[in-house]
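Structure record follows, encoded as structure tokens.
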2 protein chains.
Amino acid sequence: MRAMSPPVGLPVLAESDLVRQVARRLTDAIVQGRLPPGAKVAEAAVARELGISRAPVREAARLLESQGLLRASPRRGFFVRELSAQEVDELYALRLCVERHAAVEAARRLTPAVREALRRQLDLMRDLARRDDPAAIVEADYQFHRLICEAAGNARMLRLFDGLASELRIVIGLIGRLYDDPQEIARTHEPVLAAIEAGHPERIVAHVDHHLGVARREVGRLVQSLTPTARQTRETP
Amino acid sequence: MRAMSPPVGLPVLAESDLVRQVARRLTDAIVQGRLPPGAKVAEAAVARELGISRAPVREAARLLESQGLLRASPRRGFFVRELSAQEVDELYALRLCVERHAAVEAARRLTPAVREALRRQLDLMRDLARRDDPAAIVEADYQFHRLICEAAGNARMLRLFDGLASELRIVIGLIGRLYDDPQEIARTHEPVLAAIEAGHPERIVAHVDHHLGVARREVGRLVQSLTPTARQTRETP
DNA sequence: CAAGCTGAAAGTGTCGACAATCGACGCCCA
DNA sequence: TGGGCGTCGATTGTCGACACTTTCAGCTTG
């Protein structure tokens with residue numbers, strides 16, 4: 001009988017939600033590149049490895065499928081999604097739509113706390129660039145953009161951004177280093193933040209367009225080079 | 001080496017994917033308003049009604065959850081998502097981002113076939129408005145916007161639009177008639193199509209903004225009136 | 001008479017099992 | 001020798017079962 005004792009601290013022991021945990025682990029494995037595009041995600045193997053049954057694994061896989069991280073092939077199982085150069089380009093087009101609006105909106109309701117957070121994030125990126133830690137830089141880059149989306153005050157938009165970012169990470173996780181010059185990442189973010197602080201919508205849009213345009217071309221080029229003519233693993237669409 | 005016999009017709013027999021079918025039925029029930037916001041979706045009941053086991057129902061429910069149609073409450077089950085006025089507003093803000101870009105892009109690559117399809121859709125809406133069939137008008141309205149997104153040539157964007165539209169239909173299905181004057185719907189679409197045909201980006205954005213702005217305010221007002229102070233069914237977040 | 005407690009019923013979270021299907025290996029035959 | 005075909009193992013799709021939790025109606029109690 002759960003008396004639900006006084007609302008003291010709550011260690012919150014692992015709640016029974018196995019599905020979330022499995023989804024999380026699979027997501028991590030994908031964005032970290034441990035599960036490369038095209039890799040098969042066998043239910044039984046995952047279940048064995050985690051010491052659980054197949055049911056939660058299947059449900060988690062469905063979740064990731066509708067998030068675009070996995071692809072379900074009936075009677076054949078789940079595979080890590082393979083992104084063509086065109087699909088990557090489409091994702092960047094969507095990011096552009098979203099982040100333009102987010103940046104303008106973030107500027108409109110900019111608070112000192114948010115401005116400070118953005119500046120700190122930019123400092124962090126500069127610092128990481130000096131130390132040349134590619135994985136951490138990608139993460140910090142993502143966080144900077146996420147902060148802007150968060151500051152726009154639209155929860156649904158933030159969820160969308162997270163989804164788009166996850167999908168892009170399928171390929172970004174593969175690319176060792178995004179830019180030849182790590183320092184350049186921080187530099188290309190500076191005008192975006194400056195424009196947001198200045199609060200001129202046209203300039204914000206222009207700088208977001210330019211920044212994402214650079215990333216779009218850069219990633220597009222790298223993805224193109226990753227897929228010379230065809231991939232290694234083939235299956236029917 | 002697959003000789004892949006001569007490319008004769010393609011019967012494409014129906015796949016046995018129960019999960020998709022269940023997801024489809026639940027989606028239909030929700031957007032048609034047969035499952036109102038806050039309604040409980042009991043796995044066992046659905047499984048019994050469809051004559052199948054609970055496993056496919058659970059997986060379908062997960063799918064709809066990540067699409068925003070259902071909300072999962074651990075140990076309590078799935079419920080049809082309830083949208084606050086603010087959430088509806090956020091969805092419209094996202095639609096604005098997406099459809100602005102889609103309309104401009106659709107204009108850039110407008111083909112005679114697409115132009116013809118858009119005109120026919122507009123005619124259909126005018127026709128339905130004269131007959132005063134609210135449900136059909138909402139459907140035709142949705143199709144018009146979808147055609148524009150499709151014409152933009154970005155598959156990922158189309159998927160996003162479908163998702164946003166589904167979520168909005170949770171509430172739109174509740175509202176008997178969206179506009180006092182049905183004829184007005186067709187009229188507010190005309191300048192959008194005209195701007196796309198003319199191909200001036202600024203005018204396209206302006207008209208899309210105006211059209212969606214009207215819908216946003218209208219739906220927002222109706223949603224507000226649907227939720228006077230609190231809802232009937234309450235549960236912990 | 002209202003509020004809290006108690007027990008049972010219903011429902012969820014997870015598991016193991018079974019049939020159907022897919023892919024691959026090896027065999028047979030031209 | 002090379003290609004088509006049957007068989008076998010492995011995996012998926014689905015099911016029924018069980019333990020635990022939540023819910024609710026009825027009873028007890030202040």
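Reminder, nothing fancy here: chain letters follow the sequence lines and each chain counts from 1.
- Between the P atom of C:dG13 and the CD atom of A:Q21 lies a distance of 14 Å, rounded to the nearest Å.
- Taking atom CD on B:E43 and atom P on C:dT12, their separation rounds to 5 Å, with Å as the unit.
- Atoms CD (A:E59) and C1' (D:dT12) sit 15 Å apart, rounded to a whole Å.
- The side chain of B:L18 has D:dC15 as its nearest neighbour among D:dC15, C:dG16, C:dC22.
- The interatomic distance linking B:R58 (CZ) with D:dC15 (C1') rounds to 14 Å, in whole Å.
- The distance between atom CZ of A:R62 and atom P of D:dG13, rounded to the nearest whole Å, is 6 Å.
- Between B:K40 atom NZ and D:dT23 atom C1' the separation is 10 Å, expressed in whole Å.
- A:R58 and B:E59 are joined by a salt bridge, as a carboxylate oxygen and a charged side-chain nitrogen come within less than 4.0 angstrom of each other.
- Along DNA chain C, the nucleotide closest to A:I52 and the one closest to B:A44 are compared, and the more 5′ of them pairs with B:A44.
- Taking the ring centroids of B:H211 and B:H145, they lie under the 6.0 Å cut-off.
- For the pair A:R95 and A:F161, the NZ or CZ position fails the cation-pi test of under 6.0 Å to the six-membered ring centre and within 45 degrees of the ring normal.
- A heavy-atom distance below 4.5 Å is not found between the side chains of B:L69 and B:R169.
- Between the side chain of A:R54 and the base of D:dG13, a donor-acceptor pair under 3.5 Å is found.
- Residue contacts for A:A42: at a heavy-atom cut-off of 4.0 Å it reaches the sugar-phosphate backbone alone, with no base atom in range.
- Relative to the side chain of A:R76, the nucleotides C:dC15, C:dC22, D:dT23 differ in distance, and C:dC22 lies closest.
- Atom CG in A:D17 sits roughly 18 Å away from atom P in D:dC20 (whole-Å rounding).
- For B:R75 and C:dA10, the CZ to C1' distance is 14 Å, given to the nearest whole Å.
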